[in-house]
Structures are given as C-alpha cells and as structure tokens.
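Scroll down for the structure; my scribbles are underneath it.
This one's a predicted model, so the numbers in the text were calculated from it and none came from an experiment.
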Amino acid sequence: MHIFKNRQKLQKRKKLDNKAQASFFVILGIILFVAMLAGYFIYNNIKKSKIEEQAKRTAELNLQAEEIKKFVNDCIRKESFEGLKTLGQTGGYMDVPKLINFKGIAMWHLDQVNIQPFLNQTQQRLIEYVNANVPKCVENVNISKLGFSIEKGQPKTFIEFGSSDVTLKVIYTIKLSKEDFTKEFSDFFNTFDIRYRAVFEAATEINAKLFEPDFEAKDPFKKLGYLRGLDFDIAYKTPETDIMTFTVIDKRSVTPENQNYAFNFAAKLGRSELRRVTDLQ
C-alpha cells in the first residue's frame, strides 16, 4: 500500500513536470513569435526607410539633371540667337570676307554685280555656328560643381526659316552619371519669333531695285512702299560717295532682347569692270 501511494505521487509529479515543461515551450514559442514579429516590422521599417531615402535621393538627382538640361538648352538658345543676330548685323555672314566688307557689313551689290548670298547659305552658316559654339558654352556650365561626370556627343543642328518664326532642333547627346544614377537626354527644341525669311526676302527686293535702269540713289525706295505695308521699316544711309547701306527692321519680329529684328547690307554703286555681253537673236 505504501509503495502504491509513492508510485501515485511520482506519477503526479511527472505530470506536473510535463505540464511545466509544456508551458515553458509555449511561452518560449510565444516569445520567439513576438521577437520574430518585432524583427520583421523593424526590418520592414529599415527597408522602407532605405527605399524612401533612395527615392528621395533619386528625385534630387533627377531635379539636378533637369537643371543641367535647362542650362544646356539655355546655351543652345543663347548661341542660336547670337548667330541670328550676327546674320542680321552683317548681311548674312558670320565673318564677312574682307573683299566685300564695309565696316562689318557685307556688300550685296558690288559695282553693278549682284553678290548677294542665298538664303540657304545663311542657313548653313547659322547651323555651323551653333554646332561650333554650343559645346564651348556648355563647357562653362558648372556641371562639375554638382558632382556629375558628363559624356557629350557632337551637336547636330536642324534649322527651318518659317513664314513667321525660326525653329531649331539640336540633337546633342548628354549623359550624366553620379553614384548609381545615370540620366541621358539629346533632343533640344527652340523657336524664335523672328521672320528671318521674310526679312531676307524684303532685303532681296531692295537689292534687286539697285539693278533697275530707273534706280535713283536719292530715292532708292521708289516702288518699294508696299514693304512698309508689310510691317517693315526700311532705311538707308550714304556713308561714302558711292556706297549705300540699307536696313530692314521687322516690326513683327521680337527678339529675346525685346527688340525688333534688323537686317543690314551694303552696296557699292560704282561701274563694273566686267565685260558686258549681249546675245542678239
């Protein structure tokens, strides 16, 4: 009987030990679950914070890249207008040849010989000017101060002299790199409210009148009054006895400097030394 009671006590103690052990593992499991859950949330928060920080950094770099793109486009616009202005000041040239240069203005009429440039020649000169000068302008942009490394291609310019404006498309590949961030852009578009084609054609009509038999140096705009009706102001000067300079100002063309666009050319009205030949039928 005494042995039976002891055996019962041992069995009860064993059951209690088993229950305590089971409770311990349950509590341990709960603790581990809570720890894993907390670790998961902490990991996600850290990951989310890093993603947000990376997104913020990328947004900042994108903004800086867009600023650089604007700087480059400002260079293109600046150089394009400088070229257009030079064409107007000189009579269609970037550098006037010495032989036809009168105080920086090109002669279109030289001793009864028409040496006026063609419109597409002035267009090509402007294209070459933009292609040559835009990279120099971009060199002066403080890209390095923003910490970007830059790769540049060669600009390729397309220009259209429209009926009411001048449009330019410049393909100029710019690749920016900083840390793991890269950004590339290449197409730039600009428009100027300058009727260059119309101004050039008005100057051409004035030049053509110089060759007519009834041309009078005292009244060079005879029969050209209609140009004023097309919103052109036309003027001339006689700085020397046989030299005249002409200016066409377009009241519809407004430059970035908020001025009307002006075009100049000169004429030397001496006699030609070329031999005149006439075909008779």
Side-chain angles (χ1 to χ4, degrees), residues 74 76-98 100-110 114-130 133 137 157 159-168 190-211 215 217-240 242-269:
D74 287 346
I76 291 172
R77 188 167 181 81
K78 172 181 174 291
E79 296 302 332
S80 300
F81 173 64
E82 286 299 318
L84 271 172
K85 186 165 69 171
T86 300
L87 288 179
Q89 291 170 338
T90 64
Y93 292 84
M94 293 301 165
D95 294 300
V96 182
K98 188 175 180 180
I100 60 171
N101 191 327
F102 177 75
K103 296 183 179 180
I105 302 174
M107 293 183 187
W108 281 17
H109 180 119
L110 182 61
N114 189 346
I115 56 173
Q116 173 188 341
F118 294 109
L119 179 66
N120 62 351
Q121 288 177 317
T122 69
Q123 181 187 51
Q124 185 58 36
R125 287 167 189 150
L126 181 56
I127 288 172
E128 291 172 358
Y129 178 88
V130 173
N133 286 276
C137 178
T157 303
I159 295 174
E160 181 180 352
F161 293 144
S163 59
S164 60
D165 56 23
V166 175
T167 58
L168 294 97
N190 280 282
T191 300
F192 296 95
D193 295 324
I194 295 174
R195 297 191 303 164
Y196 180 84
R197 176 185 289 273
V199 174
F200 189 91
E201 289 172 351
T204 299
E205 300 225 10
I206 295 171
N207 188 48
K209 291 296 179 184
L210 304 180
F211 296 93
F215 172 74
K218 293 181 180 180
D219 187 14
F221 299 138
K222 185 170 63 175
K223 300 180 183 178
L224 289 172
Y226 66 91
L227 291 177
R228 293 188 173 93
L230 298 173
D231 288 330
F232 294 114
D233 280 337
I234 50 179
Y236 75 95
K237 294 179 181 178
T238 310
E240 294 184 13
D242 59 346
I243 291 181
M244 300 181 72
T245 60
F246 298 89
T247 301
V248 179
I249 298 175
D250 182 19
K251 291 187 283 187
R252 291 192 207 171
S253 295
V254 181
T255 72
E257 297 172 340
N258 202 30
Q259 296 176 348
N260 295 129
Y261 187 73
F263 193 94
N264 304 286
F265 71 94
K268 186 173 182 295
L269 305 178

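Using a 4.5 Å heavy-atom cutoff, the side chains of I243 and M107 are in contact. Counting heavy atoms from C-beta on, the side chains of F263 and F246 never come closer than 4.5 Å. Side chains of I159 and T167 form no contact here, defined as non-hydrogen atoms less than 4.5 Å apart. Between L227 and I206, the closest side-chain pair of non-hydrogen atoms falls below 4.5 Å. The side-chain heavy atoms of P220 and K209, taken from C-beta on, include no pair separated by under 4.5 Å. Looking at Q123 and F118, their side chains never come closer than 4.5 Å, going by heavy atoms from C-beta outward. Between R195 and F232, the closest side-chain pair of non-hydrogen atoms falls below 4.5 Å. Between E257 and F81 there is a side-chain heavy-atom pair separated by less than 4.5 Å.
Taking the ring centroids of F200 and W108, they lie under the 6.0 Å cut-off. Aromatic rings of H109 and F265 (six-membered ring for Trp) have centroids beyond the 6.0 Å cut-off, not under it.
The number of heavy atoms from other shown groups lying within 6.0 Å of NZ (K223) does not exceed 12. With a 6.0 Å radius and a threshold of 12 heavy atoms from other residues, nucleotides or ligands, K237 has its NZ atom at or below the threshold. By the neighbour-count criterion of 12 heavy atoms within 6.0 Å, atom CG of D95 is sparsely surrounded, having that number or fewer from other residues, nucleotides or ligands.
The two atoms that bring L126 and S80 nearest to each other are CD1-O, 3.9 Å, heavy atoms only. Listed here is the closest heavy atom pair of P117 and R125: CB-NH1, 3.7 Å. Shortest non-hydrogen contact noted between K218 and Y236 is O-OH, 3.4 Å. Closest of all the heavy-atom pairs between A106 and G91 is CB-O, 4.4 Å.
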Exercise. Run the side chain to side chain contact (heavy atoms under 4.5 Å, CB included) check on E82 and K85 step by step: do they pass?
Worked result: CA-CA 5 Å; E82 286 299 318; K85 186 165 69 171; 3.8 Å; yes
For this session: Go through the steps to decide whether Q259 and V254 satisfy the test side chain to side chain contact (heavy atoms under 4.5 Å, CB included), and finish with yes or no.
Result: CA-CA 5 Å; Q259 296 176 348; V254 181; over 6 Å; no
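No donor-acceptor pair closer than 3.5 Å links the side chain of T90 to the backbone N or O of M94. Under the 3.5 Å distance criterion, the side-chain polar atoms of R197 are matched with a main-chain donor or acceptor of F161. In terms of modelled atom types and a separation under 3.5 Å, the side chain of N101 and the main chain of G104 share a donor-acceptor contact. Listed for the Y261 side chain is a donor-acceptor partner under 3.5 Å among the backbone atoms of G88. No side-chain donor-acceptor contact under 3.5 Å links E79 to the backbone of I76. No donor-acceptor distance shorter than 3.5 angstrom exists from the side chain of D250 to the backbone of N260, with no hydrogens or angles considered.
Of the N and O atoms on the side chains of Y196 and T122, at least one donor lies less than 3.5 Å from an acceptor on the other residue.
Residues passing the side chain to side chain donor-acceptor pair (under 3.5 Å) test with Q116, sequence neighbours excluded: T204, N207.
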